Colleague: 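I am attaching a structure below and will ask some questions about it afterwards.
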Amino acid sequence: MVRAMTLAITNATVVPIVSEPFTGTVLVEGLTIVELGVAVEIPVDADVVDAGSAWLLPGLIDAHVHLGVCEEGEGWAGEDTNEMTNPVMAAARAIDAINPREQGFADALAGGVTSVNVNPGSGNPIGGLTVAIKTHGTYVDEMVLRSPSGLKSALGENPKRIYGEKGKTPSTRLGVALTLREAFTAARAHQVALGKAAADPESSPVAGNLVHEALIMVLKRQIPWRQHCHRADDIATALRIAEEFGYELVLDHGTEGYLLADVLAERGVPVLYGPMIVSRSKVEVRHRSPKGPGILDRAGVAVSIITDHPVVPIEFLITQAALAVKEGMDRSAALRAVTINPATVMGVADRVGSLEVGKDADLVLWSGDPLDFASRPLRVWVDGAEVYSYDEATT
C-alpha cells in the first residue's frame with residue numbers, strides 16, 4: 001500500500017453528505033482530510049488527482065454484514081457465522097472469525113464500501129459481539145474502528161427453528177423472548193453483585209462471567225443491542241424488552257418497520273433496512289418492500305440500508321440505495337443511509353461517514369452520480385492510500 005504524504009483531488013463534484021455539494025478540491029495529509037472547498041491552496045509537493053468532474057464521496061458504509069466470517073466459496077470450512085451450540089453466546093466475538101483475505105473484501109472496495117459492521121448470525125437468541133472495521137487490510141486488528149460495536153440478538157423464525165429442531169428451548173417466540181429476559185436478569189444480578197463487592201473490600205470476590213460482562217455493557221449503554229427482527233410483532237417485542245431493561249436498541253432488517261414507523265420515530269430507534277434485493281424466501285420477509293426505507297425516513301426514523309452480505313453481495317449496497325430512491329426515498333436521505341447514518345449506529349461517525357476536516361481520508365471517486373445504475377467507483381482511497389482502481393482493460 002502506497003500512501004502519498006499529501007493528496008489533492010481537484011476538479012471534483014464533491015458530495016460531503018453533511019453539507020451542500022460543490023465543485024472543488026479535497027486535500028489529504030497522511031490519513032486525514034485537512035481541507036476541502038472551492039478554493040483550496042495545493043501544496044507544491046502534493047500528489048494531484050484531477051477528477052475531471054467525477055463525483056467524490058466518502059466511502060460507503062454497510063452496518064450489517066457477515067463479511068469475513070461467512071467466507072464465500074469455502075463451504076463449511078469458511079462458515080463461522082453462528083455458534084449454535086448454546087442459545088446465549090453473548091461472549092462470542094465476530095472479530096475472532098474474520099478472515100480479511102476473503103474475496104468479499106475486494107468486492108467491497110470495488111463497490112466503494114470502505115467500512116462495515118461485521119455481525120454474528122441470527123441462529124441464536126443472543127449471537128455475540130459485533131465489530132466495526134475498515135474493508136482494507138491484512139491484519140484484522142489493524143482494520144478495527146470499534147470493538148465491540150454492539151451485541152447481536154435475534155427474534156423471529158431463525159432461533160425458534162434452530163432450537164426447535166434440537167428439541168430445546170427456545171422453540172417458540174415466547175421462548176426466545178424468555179431467553180433474552182433471563183439472560184438480562186442474570187446479568188443485572190451479576191452487575192449488582194459486582195457493585196456490592198466493589199463497595200465492600202472485605203467481601204468475597206465475584207467470579208468472572210464473560211456472558212454477564214458482555215450483557216452488562218449493553219445494560220450500561222456502552223454498546224447498542226443489535227436486534228435482528230423482521231415482522232412488526234417481533235419489532236413490538238424488541239421495543240417492549242428494550243423498555244424493560246433500558247438499553248440502546250437498533251433494529252437490524254426491520255422489514256415491516258414501516259408499519260410501525262411513527263412508533264420507531266417517537267422512540268428514536270434507528271432501522272438498518274434490508275436486504276432488499278432478495279426473494280420472499282421465508283414467511284417473515286414476505287412484506288419486505290423497497291418502499292420501506294423512504295417511508296421510515298419520511299416518518300423521522302434514522303435509516304441505514306444494508307446488504308446482509310453475502311445474502312446480497314456487498315458491492316450492491318449502492319444499488320439498493322438507488323432502488324429505494326426509485327421507490328420514493330429522498331436522494332440525499334438515501335446517500336445518508338449508506339454513509340453517515342450507519343457510521344452513527346456503529347459509533348464511528350467521528351471518523352467516517354462524511355467528508356469533513358479531521359475525518360479519515362476514506363474516499364471514493366465515482367464516474368458519475370452513484371445513484372445512477374451506470375456509475376461505478378473509479379478509484380478508492382482508505383486512510384489516504386489508494387487501494388482500488390478500476391481498470392477497464394482487465395474486466
Side-chain angles (χ1 to χ4, degrees), residues 63-64 87-88 90 117 119-120 122 124-130 149-160 170 172-188 214-275 282-289 291-306 308 337 341-342 344-347:
H64 181 125
V88 178
N117 202 84
N119 293 0
S122 54
N124 294 318
I126 303 178
L129 294 162
T130 75
S149 55
L151 184 52
K152 173 69 178 290
S153 171
L155 295 169
E157 294 180 29
N158 290 358
K160 63 173 277 188
T172 64
R173 281 180 164 81
L174 288 74
V176 173
L178 173 62
T179 300
L180 301 187
R181 287 189 174 97
E182 288 181 334
F184 274 117
T185 299
R188 195 157 55 185
L215 289 162
I216 287 170
M217 284 193 287
V218 176
L219 292 171
K220 289 182 174 181
R221 300 177 70 90
Q222 294 172 338
I223 57 174
W225 184 249
R226 296 288 301 269
Q227 187 66 74
H228 164 112
C229 52
H230 287 274
R231 281 184 4 187
D233 58 329
D234 290 324
I235 293 171
T237 298
L239 293 169
R240 188 179 311 116
I241 298 175
E243 187 173 5
E244 290 173 23
F245 291 95
Y247 51 73
E248 178 188 353
L249 175 65
V250 174
L251 292 185
D252 283 56
H253 305 301
T255 302
E256 294 184 9
Y258 59 87
L259 299 175
L260 301 175
D262 291 344
V263 176
L264 295 172
E266 180 183 352
R267 300 196 186 187
V269 176
V271 175
L272 312 183
Y273 199 91
K282 55 184 180 178
V283 172
E284 65 183 15
V285 299
R286 64 184 174 183
H287 296 304
R288 63 105 177 95
S289 171
K291 296 180 180 179
I295 295 170
L296 288 163
D297 174 70
R298 289 190 293 275
V301 177
V303 182
S304 300
I305 293 173
I306 62 171
D308 198 11
N341 286 1
T344 301
V345 166
M346 292 156 57

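Source: prediction; values computed, not measured.
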Colleague: Between Leu259 and Ala232, which heavy-atom pair has the shortest distance, and what is it?
Modeller: CD1-CB, 4.3 Å
Colleague: Closest approach of Ala187 and Leu215, non-hydrogen atoms and distance?
Modeller: CB-CB, 3.6 Å
Colleague: Does a side-chain heavy-atom distance below 4.5 Å link Leu272 with Pro342?
Modeller: no
Colleague: Nearest 0.5 Å, please: how far is CG in Asp233 from CD in Glu284?
Modeller: 9.0 Å
Colleague: Is there a side-chain contact between Leu129 and Ile223 (heavy atoms, below 4.5 Å)?
Modeller: yes
Colleague: So, for Cys229 and His253, which heavy atoms are closest and what is the spacing to 0.1 Å?
Modeller: O-CB, 3.6 Å
Colleague: With distance as the sole test, does Lys152 use its side chain to make a donor-acceptor pair with the main-chain N or O of Gly127 at under 3.5 Å?
Modeller: no
Colleague: Under a 4.5 Å cut-off applied to non-hydrogen side-chain atoms, are Ile241 and Arg181 in contact?
Modeller: yes
Colleague: Of the non-hydrogen atoms in Leu251 and Ala238, which two are nearest, and what is the gap between them?
Modeller: CD2-CB, 4.0 Å
Colleague: Here's a test for you: under side-chain contact (heavy atoms from CB on, under 4.5 Å), which of Pro159, Pro87, Ser153 qualifies with Leu180?
Modeller: Ser153
Colleague: Would you call Val301 and Ile295 a side-chain contact if the rule is heavy atoms closer than 4.5 Å?
Modeller: no
Colleague: Examine distances only and state if a side-chain atom of Asn119 and a backbone atom of His64 form a donor-acceptor pair shorter than 3.5 Å.
Modeller: no
Colleague: Side chains of Arg240 and Thr237: donor-acceptor distance under 3.5 Å anywhere?
Modeller: yes
Colleague: Do the side chains of Met346 and Thr130 get nearer than 4.5 Å, heavy atoms only?
Modeller: no
Colleague: Which residue pairs pass the salt bridge (charged side-chain N to carboxylate O under 4.0 Å, His left out) test when at least one of the two sits in residues 252-273, sequence neighbours left out?
Modeller: Arg226-Asp252, Glu243-Arg267
Colleague: Would the distance check show the side chain of Tyr273 and the main-chain N or O of Ser289 forming a donor-acceptor pair, the cut-off being under 3.5 Å?
Modeller: yes
Colleague: Can you tell me how the ring of His228 sits relative to the ring of His230, calling it parallel under 30°, perpendicular over 60° and tilted otherwise?
Modeller: perpendicular
Colleague: May I ask you to decide if Val283's main-chain N or O and Glu157's side chain share a donor-acceptor pair within less than 3.5 Å?
Modeller: yes
Colleague: Nearest 0.5 Å, please: how far is CG in Leu219 from CZ in Arg188?
Modeller: 7.0 Å
Colleague: Measure the shortest side-chain to side-chain distance between Phe245 and Thr185 over non-hydrogen atoms and say whether it is less than 4.5 angstrom.
Modeller: yes
Colleague: What distance separates Lys160 NZ from Leu174 CG, expressed to the nearest 0.5 Å?
Modeller: 9.5 Å
Colleague: On the 0 to 90° scale, with breaks at 30° and 60°, tag the Phe184-Tyr247 ring pair as parallel, tilted or perpendicular.
Modeller: parallel
Colleague: Hey, does Ile235 have a side-chain heavy atom less than 4.5 Å from the side chain of Val269?
Modeller: no
Colleague: Taking Arg221 for the side chain and Gly246 for the main chain, is one N or O donor matched with an acceptor at less than 3.5 Å?
Modeller: yes
Colleague: Drop me the distance from Leu239's CG to Glu244's CD, to the nearest 0.5 angstrom.
Modeller: 11.5 Å
Colleague: Identify the two heavy atoms, one from Val345 and one from Pro224, that lie closest to each other, and give their separation to 0.1 Å.
Modeller: O-CG, 4.2 Å
Colleague: Do Ile216 and Gln222 have side-chain heavy atoms sitting under 4.5 Å apart?
Modeller: no
Colleague: For a quick test of reading the model, state the closest non-hydrogen atom pair linking Ala183 to Ile126 and the distance between them.
Modeller: CB-CD1, 3.7 Å
